[in-house]
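Protein chains get the first letters and strands the later ones, always in sequence-line order, with residue 1 at the start of each. Keep in mind that the numbers below use all heavy atoms, side chains included, and drop hydrogens, waters and symmetry copies.
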Number of protein chains: 2
Amino acid sequence: MTKNLTPMIQSCVMHFGEMGSRWGINRTVGQMYALIVLNEAPLCADDIAEALGFSRSNVSMGIKELLSWELIKLQHLPGERREFYSAPGDVWDIAKTLIEQRRKREIDPTLSTLRNLLIEEPANAGEEYAQQRMREMYELIEMLTQWTSEIQRLDSAKLGKLLKLGSSIGKVLDLKDKLLSR
Amino acid sequence: MTKNLTPMIQSCVMHFGEMGSRWGINRTVGQMYALIVLNEAPLCADDIAEALGFSRSNVSMGIKELLSWELIKLQHLPGERREFYSAPGDVWDIAKTLIEQRRKREIDPTLSTLRNLLIEEPANAGEEYAQQRMREMYELIEMLTQWTSEIQRLDSAKLGKLLKLGSSIGKVLDLKDKLLSR
DNA sequence: CTGTAATTTCAGTACTTTCTGAAATTACAG
DNA sequence: CTGTAATTTCAGAAAGTACTGAAATTACAG
C-alpha cells in the first residue's frame, strides 16, 4: 500500500483520511480526495489505486461518491482512453461545495422534520414545552443557515480581502450597531 | 422499546438519532440527547433507558459521552438518590458548545498537522504544489474559525436581535464597505 | 462488428462500531 | 460498618460499514 508518495503528502493524505471518517465521509474516500487535491495533474483510477494501495473497485466506488458530492470533476486527457479526475483549483470552491452538500444532507431534512412537528397541535404540557424548544432550534438553524449562505455567496477574492483587512464579525457588527443607532 | 413517548416527541428523537449518526455522534446518543433537550424536567438514566428501550449500560456510556462533550450537566434532585441530567435551557448555548467541541476535535488537529507540514522544505515540484494547496487550506480554515468564534461570542439576546432585524451578513458587509470607503 | 481496455456492480468477507448482560465498583442510608 | 441501590466497566455478541475479487457491463480503437 501507499506507493510512490513522499512522506509529506503521505502524512497529509492519512490525516484527511482520519478526519474524513469523523465526518460522514469514509476513511478511504477522504484519502482519495486529499490525494487528488494535492496533485496538480488530474489522476485516473489506476493512479489512485496504486498510490494508496486500494483495490480498483474500491477506488471506483470512492470516485462515484466524490462525483456525487461534486467535489471532483471528470475529464479526458488527450491521447488517453482512461478517465481522469481533478478537484477545483480554488480551495474556497471546495469549501463552498462541502458546506452546500452538508446543508442539503443534514440541515434541510432537519428543518423539514421540525417544521412538520411544529404545525401539530400540542397534546399536553410536555409537548408544548417540546415544541417550544423545537421552535427555538428551528429559528436558530434557519438563521445560521442564512448567514452561511451569505458567506458562501462571497467569491474568494472578496473573502481574501476581508481576511487581509483583519475584519472580524464582531467589529463589523459593532460598526453596524453604531450606524443604526445614530 | 420507546415507551411512554408521544408520537411528536418520538419523531423528533428518532430524527436526531439519524442525524447524529451522520455526525460523529452515534445514533443512540443522538436520541438520548434529543430526549433530554425536549424534556423540561431533568431525567435519570433509568428514565432514558425506559423511554428509549436501551440497556442501562448503554445509557451509562451515552451519558458519559454527553458529559464529555459538556452537552448535559449532572444534577441531584432533592430526595432522590439517583443522578439526573439536563441540557442547557438556551438552544444557542447548546449550539455554541457543539461548535466549540467540533472545533477542538476536528479543526485544531487539522490546523496543527498542516502547520507541521508547511514548515518542511519541499523536496520537489510536486511537494511545492502540495504545500501551496495546504497553505491555502490552512488560511481558509483559520479564517472561517476566526469568524465562527466571533459569532460564538454573541449571546442569544444579541443573536435574536440580529435575527429579528433581518440582518444578513451580506447587508452588513455592504454597509461596512460603504462606511470604510467614505 | 470484434476484441480489448476501462469501469462498474455486487455477493461475500473482513473490519469497525455499537450494544448488552453480568460482574465489579461506588455511594450512601440506616 | 452493612446492605442495598445506583452506576460503571468490560468481554463478547450483534449490527453496521467498508473492501475485495470475480464477473458483468460499457466504451471505443481498429
inquiry  = Check the phosphate of dC19(C) against R27(B), side-chain N and O only, distance under 4.0 Å to OP1 or OP2. Yes or no?
reply    = yes
Separation of dC19(C) P from I63(B) CD1 (nearest whole Å) = 14 Å
message = Nearest whole Å is fine: how far is dA27(D) C1' from E80(A) CD?
response = 15 Å
Interatomic distance, L74(B) CG vs dA6(D) P [rounded to whole Å] = 15 Å
request  = Could you tell me whether R81(A) contacts a base, only the sugar-phosphate backbone, or nothing, with contacts defined as non-hydrogen atoms closer than 4.0 Å?
outcome  = base
message = Checking side-chain polar atoms at under 3.5 Å, does T6(A) have a donor or acceptor matched by the opposite partner on E127(B)?
response = yes
ask   = For N58(A) and dG12(C), what is the distance between atoms CG and C1' respectively, to the nearest whole Å?
value = 15 Å
query = Separation of L43(B) atom CG from dA6(D) atom P, in whole Å?
reply = 16 Å
query = Choosing from dT20(C), dT7(C), dT7(D), which nucleotide comes nearest the side chain of E83(A)?
reply = dT7(C)
query = Does NZ or CZ of R22(B) lie under 6.0 Å from the centre of the six-membered ring of W23(A), at an angle within 45° of the ring axis?
reply = no
Test side chain to side chain contact (heavy atoms under 4.5 Å, CB included) applied to Y85(A) and D47(A), L66(A), I63(A), the passing residue = I63(A)
inquiry  = Around atom CZ of R102(A), are there more than 12 heavy atoms from other residues, nucleotides or ligands closer than 6.0 Å?
reply    = yes
Side chains of Q131(B) and R135(B), donor plus acceptor under 3.5 Å = no
query = Can a donor-acceptor pair be found between the side chains of W92(B) and E136(A) at a distance below 3.5 Å?
reply = no
query = Between L67(A) and S55(B), which is nearer to the 5' end of DNA chain C once each is assigned its nearest nucleotide?
reply = L67(A)
request  = Treating Ile, Leu, Val, Met, Phe, Trp and Tyr as nodes and any side-chain heavy-atom pair under 4.5 angstrom as an edge, say whether M19(A) and M137(B) lie in one connected cluster.
outcome  = no
ask   = Rounded to whole angstroms, how far apart are CD on Q31(B) and P on dC19(C)?
value = 9 Å
Considering only nitrogen or oxygen atoms on both sides, find all protein atoms under 3.5 Å from nucleotides 9-13 of chain D and state each distance.
from   : atom 1 : to     : atom 2 : distance (Å)
dT9(D) : OP2    : K64(B) : NZ     : 3.1

ask   = So, for D155(B) and K96(B), which heavy atoms are closest and what is the spacing to 0.1 Å?
value = CA-NZ, 4.3 Å
Rounded interatomic separation in angstrom, taking CE from M32(A) and P from dC19(D) = 10 Å
inquiry  = Using a 4.0 Å heavy-atom cut-off, does R56(A) contact any base of the nucleic acid, only the sugar-phosphate backbone, or nothing at all?
reply    = base
key: Per-nucleotide pairing state of DNA chain C [Watson-Crick or G-U, under 3.5 Å; [ ] pseudoknot-crossing; | other strand]   = ||||||||||||||||||||||||||||||
ask   = Can you check the F84(A) CZ to dA27(D) C1' distance for me, whole Å?
value = 16 Å
request  = Hey, could you give me the CG/CD distance between L43(B) and E83(B), rounded to the nearest 0.5 Å?
outcome  = 14.0 Å
ask   = With sugar-phosphate meaning primed atoms plus P, OP1 and OP2, does N26(B) contact a base, only sugar-phosphate, or nothing at under 4.0 Å between heavy atoms?
value = sugar-phosphate
